[in-house]
Amino acid sequence: MVKILPQSFYSRPTLSVARELLGSRLVRILDGVRLAGIITEAEAYVGQDDLGCHAKAGRTKRNAVMFGPPGYAYVYFTYGQHWMLNAVTENEGFPAAVLIRAIDPVEGADVISLRRHGRDTIGPAKLTMALGINGGLNGAGLFGPGSGIWIEEGFAVSAGDIITSPRVGLYTVPEPWKSMPWRFQILRR
DNA sequence: AGCACGATGCTCT
DNA sequence: GAGCATCGTGCTT
């Protein structure tokens, strides 16, 4: 029996949510077809004090969803071509989110492979390409089946199987934020 | 297998 | 006008 992660799952410390999203199942209904992948990598972005977080300079049109209630998708466009998927965390008014950085396809792998031209789904923009995620999903609720995207309970990943490291791509972010070990990955054996 | 680089356009200053 | 939570290619080992 399948359980969609409830809004209360996201209404918690972002680091906990990021760790626990590993092993869970990201589901996307695309053209009526169910696609899904196990989340294998995620990063935490934690509030206005975190100078790596988009919310550092306050609320803007782009990051507004992060300031809202938890459990919603924050989808933004970057590098002129890529969409990034985040899950908003913590309480309304505290801007924080988890960036989903990689999935391991488990349903609709044929469709996913076509969409990726046979290439992998390890990378934040790669998985949005694979699942057809774009700005139209910014603000979509992740805790119910209504929006065509949600996250289901998966399997628990033991602490020993989680790799922690600094977040990727924060070239101009000052320390200590640049080096905070807020990237979580499932160890590949 | 790894590194360097160009692409490309939106957002915020 | 600068910068960007990246990707794919092409070149080097």
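Just the heavy atoms: all of them, side chains too, but no hydrogens, waters or symmetry mates, feed the values below. Every chain is numbered from 1 and lettered A, B, ... according to where its sequence line falls, protein lines coming before strand lines. Everything numeric in this text was worked out from a predicted model, so none of it was measured.
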Which nucleotides of DNA chain B pair, in dot-bracket form (Watson-Crick or G-U under 3.5 Å, | meaning another strand): |||||||.||||.
Listed partners of A:Arg101 passing salt bridge (charged side-chain N to carboxylate O under 4.0 Å, His left out), at least two apart: A:Glu41, A:Glu43
Within residues 10-28 of chain A, residues whose heavy atoms come under 4.0 Å of DNA chain B: none
Residues clustered with A:Tyr171, ILVMFWY side-chain links under 4.5 angstrom: A:Tyr79
Qualifying residues under salt bridge (charged side-chain N to carboxylate O under 4.0 Å, His left out), relative to A:Glu92, sequence neighbours excluded: none
Interface residues of residues 84-105 of chain A with DNA chain B (non-hydrogen, below 4.0 angstrom): none
Return a table of donor-acceptor pairs under 3.5 angstrom between the side chains of residues 123-133 of chain A and protein atoms on other chains or two or more places apart.
{"from": "A:Lys126", "atom 1": "NZ", "to": "A:Asp120", "atom 2": "OD1", "distance (Å)": "3.2"}
{"from": "A:Lys126", "atom 1": "NZ", "to": "A:Asp120", "atom 2": "OD2", "distance (Å)": "3.4"}
{"from": "A:Lys126", "atom 1": "NZ", "to": "A:Ile122", "atom 2": "O", "distance (Å)": "3.4"}
{"from": "A:Thr128", "atom 1": "OG1", "to": "A:Trp83", "atom 2": "O", "distance (Å)": "2.8"}
{"from": "A:Thr128", "atom 1": "OG1", "to": "A:Ala125", "atom 2": "O", "distance (Å)": "2.9"}

Residue pairs fulfilling ring pair (Phe, Tyr, Trp, His ring centres under 6.0 Å) with at least one residue in residues 122-166 of chain A, sequence neighbours excluded: A:Tyr72-A:Phe143
Sequence-aligned protein contact record of nucleotides 4-13 of chain B, with B where the base is within under 4.0 Å of a protein heavy atom and S where only the sugar-phosphate is: ---BBBSSS-
Sugar-phosphate, base or nothing in reach of A:Arg59, heavy atoms under 4.0 Å: nothing
Residues touching DNA chain C, which here means a heavy atom under 4.0 Å, drawn from residues 40-52 of chain A: A:Tyr45, A:Gly52
ILVMFWY cluster membership beyond A:Leu187 - transitive side-chain contacts under 4.5 angstrom: A:Ile163
A:Tyr171 OH to C:dC7 P, straight-line distance once rounded to whole Å: 10 Å
Under the salt bridge (charged side-chain N to carboxylate O under 4.0 Å, His left out) test, residues paired with A:Asp50 that sit two or more places apart: A:Arg167
